[in-house]
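Okay, so here's the structure we're looking at.
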Amino acid sequence: MRAMKRIVILISGRGSNMEAIVRAARQERWPADIAAIISNRPDASGLAFASAHGIPTAVVSNKEYPTREAFDDALQAVIDRFSPDLVVLAGFLRILTGSFVEYYAGRIINIHPSLLPSFPGLATHRQALAAGVKVHGATVHFVTADLDHGPIVAQAAVPVLADDTEEILSARVLAQEHLIYPSAIRWFVEGKLSVDNGRVHIATATQ
Ligand code: GRF
């Protein structure tokens, strides 16, 4: 029997990507356990979903730490209690220190709501509308110290339509996020991902 991989998911808010991952992991019987959901905000609504599904939760409130370094140290200690093979950032709205990211190198992954390398940072849907691009989307990538960069695992593109508002466009992208993020994590737990020279290789069944 394959060893179960342990996944810790970090959220800050509604956690719809986290929900999509939990549901896919269970329905598709991944060789993985969702070991914990950790939030930096005590009021993150995603915590209720986690508890209702019997997943351990923890809160590490950034407001209780004087510096980014102190917060990241505390967060790392809580994450490591659950011995993760993979740390999943799912709407986790904190910039992490270089040493934190380095510590989890190769086993920390993020989803960003744009087709990277276009539109890193915040308000990506507003940025896309302002730029007048005709396609937009989402990117799953390994996390490196370079914010919203790092080896790309998966992307999904959506059209940008003439009457789009930020809300309409973000909902169209989010629907795709809920598909590509679980797929990318499944590839990771199945041992299919490797990174070579900053590029991600996805092993196929015949390899
Ligand atoms: C998503 O759009 C994700 O790409 C971005 O923040 C949003 C989080 O949404 N990083 P949710 O908390 O997963 O519902």
Side-chain angles (χ1 to χ4, degrees), residues 7-27 34 36-53 55 57-62 75 79 86-96 100-101 104 108-131 133 135-160 164-188 200:
I7 299 174
V8 168
I9 306 178
L10 306 192
I11 63 169
S12 295
R14 109 195 115 171
S16 70
N17 277 289
M18 176 270 294
E19 275 195 48
I21 294 160
V22 168
R23 289 186 201 284
R26 292 188 173 180
Q27 277 162 17
I34 310 295
I37 309 297
I38 301 175
S39 173
N40 66 310
R41 297 188 49 158
D43 59 350
S45 55
L47 290 170
F49 172 89
S51 302
H53 286 74
I55 302 169
T57 62
V59 173
V60 185
S61 172
N62 52 281
L75 181 62
I79 292 172
L86 179 67
V87 176
V88 172
L89 306 182
F92 187 68
L93 302 175
R94 296 286 305 169
I95 294 174
L96 297 161
F100 180 98
V101 169
Y104 293 108
I108 182 166
I109 200 166
N110 182 44
I111 190 158
H112 181 78
S114 79
L115 289 173
L116 290 173
S118 291
F119 314 131
L122 297 173
T124 54
H125 309 302
R126 197 183 316 154
Q127 291 189 58
L129 290 172
V133 293
V135 288
H136 182 44
T139 303
V140 178
H141 65 97
F142 282 105
V143 177
T144 61
D146 200 1
L147 183 69
D148 294 333
H149 285 77
I152 292 173
V153 181
Q155 292 187 303
V158 302
V160 180
D164 276 353
T165 60
E166 239 178 292
E167 290 69 33
I168 291 170
L169 184 55
S170 82
R172 192 178 301 130
V173 171
L174 191 65
Q176 295 301 313
E177 294 183 38
H178 295 164
L179 300 176
I180 62 170
Y181 212 4
S183 308
I185 293 167
R186 183 176 176 166
W187 290 331
F188 182 94
V200 176

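The chain is numbered in sequence order, starting from 1. As the structure lists them, so they are numbered: ligands from 1, and atoms in each ligand from 1.
Distances from ligand 1 to the non-hydrogen atoms of G15 include at least one value under 4.0 Å. Contact between I11 and ligand 1 is absent, with no heavy atom of the residue lying under 4.0 Å from the ligand.
Among N110, L174, N17, the residue whose heavy atom lies nearest to atom 13 (O) of ligand 1 is N17. For atom 1 (C) of ligand 1, the choice among E19, E177, Q176 with the nearest heavy atom turns out to be E177.
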Worksheet entry | Residues V160, V135; criterion side-chain contact (heavy atoms from CB on, under 4.5 Å); working and verdict | CA-CA 5 Å; V160 180; V135 288; 5.7 Å; no
Item to complete: For the pair V59 and I38, evaluate side-chain contact (heavy atoms from CB on, under 4.5 Å) and give the outcome as yes or no after the intermediate values.
Response: CA-CA 6 Å; V59 173; I38 301 175; over 6 Å; no
Fill in: CA sep, side-chain torsions, deciding dist, call: Q127, S114, side-chain contact (heavy atoms from CB on, under 4.5 Å)
CA-CA 9 Å; Q127 291 189 58; S114 79; over 6 Å; no
Practice prompt. Step by step, work out the side-chain contact (heavy atoms from CB on, under 4.5 Å) result for N40 and V60.
Written response: CA-CA 5 Å; N40 66 310; V60 185; 5.8 Å; no
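Near G91, meaning under 4.0 Å from one of its heavy atoms, ligand 1 places the atoms 6 (O), 8 (C), 10 (N).
S16 and H178 share a donor-acceptor pair across their side chains, judged by distance under 3.5 Å alone. Remark: the H125 side chain and the H136 side chain contain an N/O donor-acceptor pair separated by less than 3.5 Å.
Applying side-chain contact (heavy atoms from CB on, under 4.5 Å) to F92 and the options I11, L75, I9 leaves one that passes, L75.
Taking any N or O of H112, backbone or side chain, none lies under 3.5 Å from an N or O belonging to ligand 1. Close N/O approach between I111 and ligand 1 is found [any backbone or side-chain N/O within under 3.5 Å].
Distance from atom 11 (P) of ligand 1 to its nearest protein heavy atom, with residue and atom name: S16 N, 3.4 Å. The protein atom (non-hydrogen) at minimum distance from atom 9 (O) of ligand 1 is R14 NH2, 3.1 Å. Scanning all protein heavy atoms for the shortest distance to atom 5 (C) of ligand 1 gives P113 CD, 3.9 Å.
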